[in-house]
Amino acid sequence: MVVLVSALLVLSLFGANVALGVDRGPMDPDRVSTAAAEAGVYEEAQSFGIEMVEEEIPEEPWLEWLAIAPEEALEEIVTPAYMQSQTEQNIENVFTFLDGGDELRIYVDLAPLKENAIEYVEHEDQLLDRDRVAADDGIALPTEQTYEDDREALRDEVLTVAGITPEDGFGDERLANLYRDEDTFEGVKAEYRGQIRDELREEWEIHADKGYGHDQLAGMLHDPETYGAEQETFREERIEAIMEETGASREEAEEEYADREDEFAAEAGQAYADQLIPQDAPTEVATPMEELGMLMGKALATDLDHEAFLEEYDRLSGDVDAGLESYTAENIGAYEDDIRTYLDEDVDTGELPSEVQPHVDELLALITEAVVTDMAHDVFVSEYDEIAADIEAAALELVNENIDEYIDDFENDLIEVAGFEDLPGPVDENADRFTALMLEMVATDMEYEAFESGFAALEEDLAIAMIEDSFAEEGEDGIPTTIDMSADLEEDADELSDVQTAYGMLSYVWIGLLGVATLLLGVTYLIAGRWDTVALAAGSAAAVVGGATYGGLTLAENTVRDVLLEEDDVPAAVVEVGLDFFVAVFRPLELQSIIFLGGGVMLFASGIVLRSGLADDLIPTEMIGNVESEENPSDREMVDEEIGAGEDGEDGESEEEGEPMKVK
């Protein structure tokens with residue numbers, strides 16, 4: 001019976017010890033938080049937090065232009081203190097639920113990271129990777145060494161945006177090539193001169209293949225039979241006229257025609273020449289065309305064959321073209337207005353500001369002059385540059401005077417030049433500031449120090465705006481305000497309910513088990529009737545419980561270490577932190593076990609002392625027990641013996657000492 005009671009006593013004490021240790025350790029929020037801090041869990045959890053935040057960062061193009069290294073920035077933003085605050089909040093949420101809460105909510109609040117990120121960028125000297133901007137967009141943001149050169153480059157970009165770039169021909173390819181290429185320059189001159197020549201050709205019907213507008217001549221050109229028929233008709237008409245005028249026979253008339261053949265050729269040729277020569281035609285054209293008329297008369301009046309006629313006709317047609325070319329070249333200046341009209345029709349510079357347009361008109365006048373004179377290309381380029389400088393000055397002055405008005409027009413292109421394309425909405429104001437700063441730098445004599453100061457302030461404000469926009473409202477793209485993991489727990493609602501119930505009973509369990517242990521000790525006393533037996537039972541049970549629990553914790557620690565080490569992807573630092581946390585969170589149970597072991601040993605030793613009788617002189621006999629034996633007579637027998645000894649003496653005095661026996 002005593003053995004059974006002892007076994008039950010060990011079990012009840014063991015359960016009470018474990019339940020109390022768990023209640024004061026893993027199930028105590030303060031203990032868990034303290035243990036995590038002592039073990040360095042929050043420092044080690046920082047890498048997990050960084051990975052979590054990295055997954056939530058939106059893929060924004062502007063991130064590629066930041067000079068901040070993401071890894072270094074996140075180490076400063078996702079701090080151990082932040083991880084501790086979030087972990088402790090969730091620990092509190094867990095224990096609030098275990099204490100009877102309706103819902104277990106596990107979440108990470110990302111809002112504090114915004115303030116951390118803003119504080120971080122406020123202490124960074126350079127936020128934009130200017131080399132990356134230059135590599136991607138071809139225009140480097142100015143440095144102290146390149147400020148003036150980059151200002152000129154950006155000035156060209158601004159003028160390009162405005163359509164005011166002389167080197168680009170103000171957006172017109174013809175003008176650009178005219179400026180850049182000497183061959184094109186000469187070709188354009190020849191083209192516009194050719195337009196004048198072609199118009200004169202149309203006006204004067206100077207088309208050799210069409211007989212210069214003379215149908216009879218055109219027919220003679222292309223058909224030998226028609227050519228012969230025309231000759232026959234001409235001869236017949238003249239012979240019949242002779243016969244009618246002189247009354248001569250046909251034979252006599254043919255002889256007379258033969259004698260007057262040259263006369264008839266010259267007469268007809270002059271008539272045809274009068275028909276062919278255009279009105280107001282210059283000598284360079286009229287002379288060869290008169291010869292063409294004389295050739296036609298000769299061809300009709302004589303036996304000139306068709307082949308010889310064509311050969312002579314081609315020679316004279318070449319003289320006509322040469323005369324037209326010579327006349328056009330010598331008199332091209334008279335057609336300046338026509339050439340300017342052609343230029344206005346062909347050259348499209350778009351809508352230019354009124355302050356710039358007069359200078360562009362000067363440029364078109366220069367091109368007209370180049371066409372109507374023998375201006376060389378290098379002279380043209382030199383004068384072109386002078387006009388272009390006036391255009392740039394007028395354009396930049398206009399930009400400077402109306403900078404706010406021009407921001408909207410130039411913003412997108414300038415932002416793209418500097419690598420700020422695709423910026424999120426809330427940074428528009430800062431984008432305007434950037435555009436204004438760049439335009440001011442281009443259009444004025446701003447010193448580099450002033451530019452750098454303004455740009456540094458803009459970088460910081462722009463980065464802050466980007467950060468604030470990245471923390472989007474619910475339902476929008478960006479970093480959410482919270483990462484809620486509560487939904488993943490809904491599937492385990494039943495298990496969580498059981499855990500909640502068990503947690504609620506835990507504090508009662510160890511109290512109840514201690515009560516059971518106390519009751520068992522009382523039963524032991526009733527059975528054995530001696531306190532030394534109770535001490536021996538309680539001491540041995542407590543020592544066994546303390547030693548077993550302490551040994552179990554040591555075994556559990558080794559098991560946890562083995563499990564963690566078996567995972568190849570678990571770093572050694574994580575293993576150590578995990579073990580330190582395990583030890584720290586179970587420290588109350590460890591201390592209790594040591595107390596149980598020490599207390600049990602002391603109780604067991606006390607029981608042995610009581611059993612051996614070494615404490616008889618220190619402990620009243622009635623505290624020792626009531627079990628009678630020869631070696632250990634009962635209290636009553638000891639009293640009776642003392643009383644009996646008193647009767648033998650006088651007035652109850654002891655025989656040996658002669659003193660009265662006192663009995664309580």
Side-chain angles (χ1 to χ4, degrees), residues 190-191 193-330:
E191 178 184 347
R193 291 186 178 199
Q195 283 187 260
I196 297 297
R197 185 179 61 249
D198 291 343
E199 286 199 0
L200 291 174
R201 190 185 299 278
E202 290 295 333
E203 179 183 348
W204 293 337
E205 287 288 341
I206 301 178
H207 297 288
D209 60 334
K210 296 180 180 180
Y212 296 97
H214 197 285
D215 293 339
Q216 185 180 4
L217 179 58
M220 293 170 63
L221 288 173
H222 302 296
D223 186 8
E225 293 182 2
T226 300
Y227 179 80
E230 291 289 346
Q231 284 182 320
E232 185 65 27
T233 299
F234 184 87
R235 290 171 60 86
E236 285 297 324
E237 288 178 351
R238 298 301 182 275
I239 291 173
E240 290 178 1
I242 292 173
M243 292 173 62
E244 184 176 348
E245 291 176 0
T246 62
S249 64
R250 182 174 183 79
E251 184 176 342
E252 293 173 339
E254 288 179 351
E255 290 179 357
E256 182 177 348
Y257 179 84
D259 294 337
R260 298 173 59 187
E261 189 176 74
D262 293 338
E263 176 187 343
F264 288 132
E267 180 183 336
Q270 188 60 53
Y272 287 129
D274 292 341
Q275 296 175 19
L276 290 174
I277 297 174
Q279 186 178 1
D280 300 327
T283 303
E284 295 92 333
V285 175
T287 298
M289 292 195 76
E290 182 178 7
E291 293 181 17
L292 280 172
M294 299 304 294
L295 174 64
M296 184 177 176
K298 180 180 179 181
L300 293 174
T302 68
D303 292 333
L304 182 68
D305 62 33
H306 188 255
E307 185 175 345
F309 167 76
L310 291 179
E311 182 178 349
E312 185 67 13
Y313 184 89
D314 289 340
R315 182 185 68 79
L316 292 175
S317 295
D319 292 343
V320 172
D321 288 339
L324 179 62
E325 188 78 30
S326 174
Y327 172 80
T328 303
E330 292 176 1

To the closest 0.5 Å, what do you measure between [atom1] ([X]) and [atom2] ([Y])?
X      : Y      : atom1 : atom2 : result
Met289 : Leu276 : CE    : CG    : 5.5 Å
Glu256 : Ile239 : CD    : CD1   : 10.0 Å
Ser249 : Glu254 : OG    : CD    : 8.5 Å
Gln216 : Thr226 : CD    : OG1   : 10.5 Å
Glu311 : Leu316 : CD    : CG    : 11.0 Å
Leu200 : Glu202 : CG    : CD    : 10.5 Å

Shortest non-hydrogen contact between [X] and [Y], atoms and distance:
X      : Y      : answer
Ala273 : Glu290 : CB-O, 3.6 Å
Pro288 : Asp319 : CB-CB, 3.7 Å
Ile206 : Arg201 : O-CG, 2.7 Å
Asp303 : Glu261 : N-OE2, 4.5 Å
Ala329 : Arg193 : CB-NH1, 4.4 Å
Met220 : Ala299 : CE-CB, 4.1 Å

ask   = Are there more than 12 heavy atoms of other residues, nucleotides or ligands under 6.0 Å from atom CG of Asp215?
value = no
query = Of all residues at least two apart in sequence or in a different chain, which pass the salt bridge (charged side-chain N to carboxylate O under 4.0 Å, His left out) check with Asp223?
reply =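 Scan of Asp223 (salt bridge (charged side-chain N to carboxylate O under 4.0 Å, His left out), adjacent residues dropped) gives none.
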With distance as the sole test, does [X] use its side chain to make a donor-acceptor pair with the main-chain N or O of [Y] at under 3.5 Å?
X      : Y      : answer
Glu203 : Pro278 : no
Arg197 : Glu325 : no
His306 : Glu225 : no
Gln231 : Ala301 : no

key: Verdict with supporting geometry, Glu284 and Val320, side chain to side chain contact (heavy atoms under 4.5 Å, CB included)   = CA-CA 7 Å; Glu284 295 92 333; Val320 172; over 6 Å; no
Run the side chain to side chain donor-acceptor pair (under 3.5 Å) test against [X] and tell me which residues pass, sequence neighbours left out.
X      : answer
Glu291 : none
Glu312 : Arg315
Tyr212 : Ser317

ask   = Would Glu236 and Arg250 count as a salt bridge (Lys or Arg N to Asp or Glu O under 4.0 Å) if you check the C-alpha gap in whole Å, the side-chain angles of each, and the deciding distance to 0.1 Å?
value = CA-CA 10 Å; Glu236 285 297 324; Arg250 182 174 183 79; 2.6 Å; yes
ask   = Can you check side chain to side chain contact (heavy atoms under 4.5 Å, CB included) on Leu217 and Tyr313, steps first, answer last?
value = CA-CA 10 Å; Leu217 179 58; Tyr313 184 89; 3.8 Å; yes
request  = Go through Trp204 and Leu324 one step at a time and tell me if the side chain to side chain contact (heavy atoms under 4.5 Å, CB included) criterion holds.
outcome  = CA-CA 10 Å; Trp204 293 337; Leu324 179 62; 3.8 Å; yes
ask   = According to the interplanar angle, ranging from 0 to 90°, do the rings of Phe309 and Tyr227 count as parallel (below 30°), tilted (30 to 60°) or perpendicular (above 60°)?
value = tilted
message = My understanding is that only residues two or more places apart in sequence, or in another chain, count here; which of them pass side-chain contact (heavy atoms from CB on, under 4.5 Å) with Glu237?
response =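 Glu237 satisfies side-chain contact (heavy atoms from CB on, under 4.5 Å) with Thr233 only.
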task = Please step through salt bridge (Lys or Arg N to Asp or Glu O under 4.0 Å) for the pair Asp262 and Lys298, ending with a clear verdict.
result = CA-CA 8 Å; Asp262 293 338; Lys298 180 180 179 181; over 6 Å; no
query = Hey, are the side chains of Leu310 and Leu221 touching, using non-hydrogen atoms and a 4.5 Å cut-off?
reply = yes
ask   = Does any non-hydrogen side-chain atom of Met296 lie less than 4.5 Å from one of Leu292?
value =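 Contact flag for Leu292/Met296 side chains = no.
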Test side chain to side chain contact (heavy atoms under 4.5 Å, CB included) applied to Arg235 and Leu300, step by step = CA-CA 8 Å; Arg235 290 171 60 86; Leu300 293 174; over 6 Å; no
key: Selection residues 266-293 - residue pairs positive for ring pair (Phe, Tyr, Trp, His ring centres under 6.0 Å), sequence neighbours left out   = His214-Tyr272
